[in-house]
Amino acid sequence: MKAGRHVLIHIPRRDHTNILLHVDGDVQRLGGQCADIYFQELNITGSWANVKRAGGFHYRAQGVGHQRSRWVKFGTVQVKVAHGRTQQGFKYLNLYVKNLGRAGYQVGGLLGEDDHTKEAMVPEACHHRVAL
């Protein structure tokens, strides 16, 4: 529910020197103050990603969206990024992940074992209150 940059996957969890896989994304609210949020950018980095492509993988919703999305294997984890479009015409990215539980390491990030309480909170301005 919170716009901004978020870490989705970090393997191994809490190790910031030997990063095997790191996925972060920029999520933005599209269509108004309390509208839904959508991924606008996704970055896949770390040594597992560098094996596939130097510097990792970087996706933008405004980028070319006519490419067929495909699964890419990073260690035992598989990731796919797909382009989408809302009914209002806003472009966004979807992230799909397989075998995260088979990574062989503790997984950090919002899709792993890290706390996501702050990110899941509805902004105060978007609370709907009814007085009876």
Side-chain angles (χ1 to χ4, degrees):
M1 295 301 296
K2 183 178 178 184
R5 185 156 297 281
H6 301 287
V7 175
L8 303 169
I9 299 171
H10 189 87
I11 301 173
R13 184 179 185 215
R14 295 190 181 128
D15 186 344
H16 297 283
T17 56
N18 299 311
I19 301 167
L20 300 175
L21 185 63
H22 182 89
V23 180
D24 66 59
D26 179 51
V27 66
Q28 296 300 321
R29 204 167 292 285
L30 301 178
Q33 181 180 0
C34 297
D36 291 332
I37 58 173
Y38 296 93
F39 284 111
Q40 294 299 294
E41 292 182 21
L42 287 167
N43 299 305
I44 304 170
T45 57
S47 60
W48 287 349
N50 285 332
V51 168
K52 302 285 183 180
R53 180 184 294 163
F57 295 78
H58 308 281
Y59 301 90
R60 298 190 70 216
Q62 301 305 319
V64 178
H66 303 293
Q67 304 161 298
R68 184 167 179 238
S69 56
R70 60 184 177 85
W71 290 100
V72 180
K73 193 170 184 180
F74 302 103
T76 58
V77 178
Q78 294 182 57
V79 176
K80 178 167 67 168
V81 176
H83 288 262
R85 186 182 300 257
T86 67
Q87 290 181 343
Q88 295 80 19
F90 296 118
K91 293 180 179 181
Y92 65 92
L93 299 171
N94 275 324
L95 175 71
Y96 302 94
V97 182
K98 288 187 200 177
N99 303 322
L100 196 56
R102 297 181 187 156
Y105 299 88
Q106 277 192 309
V107 178
L110 296 177
L111 299 179
E113 299 176 33
D114 291 345
D115 183 22
H116 62 276
T117 304
K118 282 196 311 189
E119 290 82 358
M121 291 177 65
V122 176
E124 187 65 33
C126 298
H127 284 277
H128 298 287
R129 292 188 170 81
V130 176
L132 299 175

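Along the sequence shown, residues carry numbers from 1.
- Among all heavy-atom pairs drawn from Ala49 and Ile44, the shortest one is CB-O, 3.7 Å.
- Shown here for Leu20 and Tyr105, the closest heavy-atom pair between the two residues is CD1-CE1, 3.3 Å.
- Both Phe74 and Val97 are members of a single hydrophobic cluster when ILVMFWY side chains are connected at heavy-atom separations under 4.5 Å.
- In this structure, the side chain of Asp15 engages the main chain of Asn18 through a donor-acceptor pair within 3.5 Å.
- Side chains of Val23 and Thr45 form no contact here, defined as non-hydrogen atoms less than 4.5 Å apart.
- Considering only heavy atoms from C-beta on, Val107 stays 4.5 Å or farther from Leu21 through its side chain.
- Listed by chain and residue number, Tyr38 satisfy the side chain to side chain contact (heavy atoms under 4.5 Å, CB included) test with Asp36 (two or more places apart in sequence, or in another chain).
- Residues Val77 and Ile11 form a side-chain contact, since some pair of their non-hydrogen atoms from C-beta on lies under 4.5 Å apart.
- A heavy-atom distance below 4.5 Å is not found between the side chains of Val7 and Leu110.
- Between the side chains of Glu41 and Asn43, not a single donor N or O lies within less than 3.5 Å of an accepting N or O.
- Contact annotation: the side chain of Tyr96 never approaches that of Val79 to less than 4.5 Å [non-hydrogen atoms, C-beta and beyond].
- One hydrophobic cluster holds both Leu100 and Leu42 under the rule that ILVMFWY side chains link at heavy-atom gaps under 4.5 Å.
- Proximity of Phe57 to Val72: side-chain heavy atoms (C-beta onward) are separated by under 4.5 Å at one or more points.
- The two residues Ala82 and Ser69 have their closest heavy-atom pair at CB-OG, 3.7 Å.
- Under the side chain to side chain contact (heavy atoms under 4.5 Å, CB included) test applied with Gln40, the options Gln28, Arg60, Lys91 reduce to a single match, Gln28.
- Note on Ile9: it clusters hydrophobically with Trp48, by side-chain heavy-atom contacts below 4.5 Å among ILVMFWY residues.
- Contact annotation: the side chain of Gln106 never approaches that of Pro12 to less than 4.5 Å [non-hydrogen atoms, C-beta and beyond].
- Of all non-hydrogen atoms in Lys73 and Thr76, the two that sit nearest each other are CE-CA, 4.2 Å.
- In this structure the side chain of Thr86 never reaches within 4.5 angstrom of the side chain of Leu30, judged on heavy atoms.
- Closest of all the heavy-atom pairs between Asn99 and Gln78 is ND2-NE2, 3.4 Å.
- Asp114 places a side-chain N or O within donor-acceptor distance of the main-chain N or O of Gly109, the cut-off being under 3.5 Å.
- Pairs of residues two or more places apart, or lying in two chains, that qualify as ring-ring contact (aromatic ring centres under 6.0 Å, His included) and include a residue from residues 2-25 are His10-His16, His10-His22.
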